[in-house]
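A quick write-up on the structure given underneath.
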2 protein chains.
Amino acid sequence: MANKSLTRMTRQRMAILNVLRSTTSHPTADWVYAHVRGTLPKISLGTVYRNLNLLRDAGEIQELTYGSNFSRFDGNPTEHPHFHCTSCQRVYDLDFDAETELAQRAEKISGFKVERTRLEFEGVCADCLNSKKRE
Amino acid sequence: MANKSLTRMTRQRMAILNVLRSTTSHPTADWVYAHVRGTLPKISLGTVYRNLNLLRDAGEIQELTYGSNFSRFDGNPTEHPHFHCTSCQRVYDLDFDAETELAQRAEKISGFKVERTRLEFEGVCADCLNSKKRE
DNA sequence: TTAGATGCAAAGGGTTTGCAACGTC
DNA sequence: GACGTTGCAAACCCTTTGCATCTAA
């Protein structure tokens, strides 16, 4: 899981990790910033962002985005799984239906009302797998 | 699926929809803008954004983002489903494991290498369901 | 000692919005 | 004719980055 290792453990990094470990609220960077300032009033937003990215790269935390912070659009409005290639950045449609069953399972477990199910895969597509072989 | 209806069908809206319907590349707003300019050179980026949002709200297309265009972070780096409440915006962890099986299924179908699986639900959480009842 | 981290502030980049003119129904 | 839509440009807002200073190992 850990892809890159963190060489130094600074007070700032520790504080950010502590804040994240002590909540299940899936906070934004700004929320983390606000809360870390409780113990480190002089920390900067830039430091928060840098550490969030480093911690994510190290596999210590996960970032909830769809690959990037900008949108992609799909002309097909029906639910279907997507595959996002981390090498060429293409997004593929996958042709299998799991959403209905997953939604039912989620509703049963949580008691919530599911209105939309999203299944996304990340990895390397066939094209990129092949070009890596040739290298 | 269609929540809001589109009252007027302008040339711009039609062109944007055509571009989206004629590709499976899951383009960005900017890509759509560039391609629509082939037929409507004077269209503005603002119009593209406005129409993408309207078409999404009408259920004609879907937007691939994680609810918003900014990140949320999870102190738990292991794969697990999330539930995003569209009413209170909270993000919940869901406690069931489907990712491993789904990843295998996706690999079998696509021939791609899956490195990460993401399962996200959108809907209304128990708290919000209850407060709606009381209204 | 020194490579990596921080604070600060400015820059970046995708997205939204105010407004007057325009076009669809 | 009325009201939604467009073009344009400025504003927004989250995130990144340059630089001098500091600090963990």
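Numbered from 1 within each chain, the chains take letters A, B, ... in sequence-line order.
In this structure, a donor-acceptor pair under 3.5 Å is absent between the side chains of B:Glu122 and B:Thr86. Judged by distance alone, the side chains of A:Asn18 and A:Arg21 never bring a donor and an acceptor atom under 3.5 Å apart. A donor-acceptor contact under 3.5 angstrom links the side chains of B:Arg116 and A:Gln62, judged on distance only.
Residue side chain B:Arg50 does not reach the base of D:dT5 through any donor-acceptor N/O pair under 3.5 Å, judged by distance alone.
Nucleotide D:dG18 holds its P atom 18 Å from the OH atom of A:Tyr49, rounded to whole Å. Taking atom CE of B:Met9 as the reference point, atom C1' of C:dC25 lies 13 Å away to the nearest angstrom. Following rounding to the nearest Å, A:Asn69 (CG) and C:dT15 (P) show an atom-to-atom distance of 10 Å. Taking atom NZ of residue A:Lys42 and atom P of nucleotide D:dC22, one finds them 11 Å apart after rounding to whole Å. In this structure, A:Arg13 atom CZ and C:dA3 atom C1' are separated by 13 Å, rounded to whole Å. One can place CG of A:Leu40 at 16 Å from P of C:dA5, the figure rounded to the nearest angstrom. B:Leu45 has its CG atom 15 Å from the P atom of C:dT17, to the nearest Å. Atom CG in B:Asp57 sits roughly 12 Å away from atom P in D:dT5 (whole-Å rounding).
Closest to the B:Ser44 side chain, of the nucleotides D:dC8, C:dT6, C:dT2, is D:dC8. In this structure, of D:dT15, C:dC8, C:dA5, it is C:dA5 that holds the atom nearest to the side chain of A:Arg8. Taking only side-chain atoms of A:Arg11, from C-beta outward, the nucleotide of D:dC14, D:dA24, D:dT6 with the closest atom is D:dA24.
Taking only side-chain nitrogens and oxygens, B:Thr10 comes nearer than 4.0 Å to OP1 or OP2 of D:dT6. When the side-chain nitrogen and oxygen atoms of B:Asn53 are compared with OP1 and OP2 of C:dT15, none of them lie within a distance under 4.0 Å. Between A:Asn51 and C:dT6, a side-chain N or O to OP1/OP2 separation shorter than 4.0 Å is present. The phosphate of D:dT15 has OP1 or OP2 within less than 4.0 Å of a side-chain N or O from B:Ser71. An OP1 or OP2 oxygen of C:dG7 is reached within less than 4.0 angstrom by a side-chain nitrogen or oxygen of A:Thr47. Taking 4.0 angstrom as the limit, B:Thr7 places none of its side-chain polar atoms (N or O) nearer than this to OP1 or OP2 of D:dC3. Residue B:Gln12 places at least one side-chain N or O under 4.0 Å from the OP1 or OP2 atom of D:dG7.
The aromatic rings of B:His82 and A:His26 sit perpendicular to each other, their planes meeting at more than 60°, with 30° as the lower class boundary. The aromatic rings of B:His35 and B:Trp31 lie parallel to each other, their planes meeting at an angle below 30°, with 60° marking the opposite boundary.
Contact annotation for A:Asp30: no contact, since no heavy-atom pair falls under 4.0 Å across all strands. Backbone-only contact: A:Ile43 has heavy atoms under 4.0 Å from sugar-phosphate atoms and none from a base.
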Given the rule in the side chain to side chain contact (heavy atoms under 4.5 Å, CB included) test, do B:Leu119 and B:Phe96 qualify, once you have shown the distances and angles that lead to the verdict?
CA-CA 11 Å; B:Leu119 179 55; B:Phe96 71 94; 4.2 Å; yes
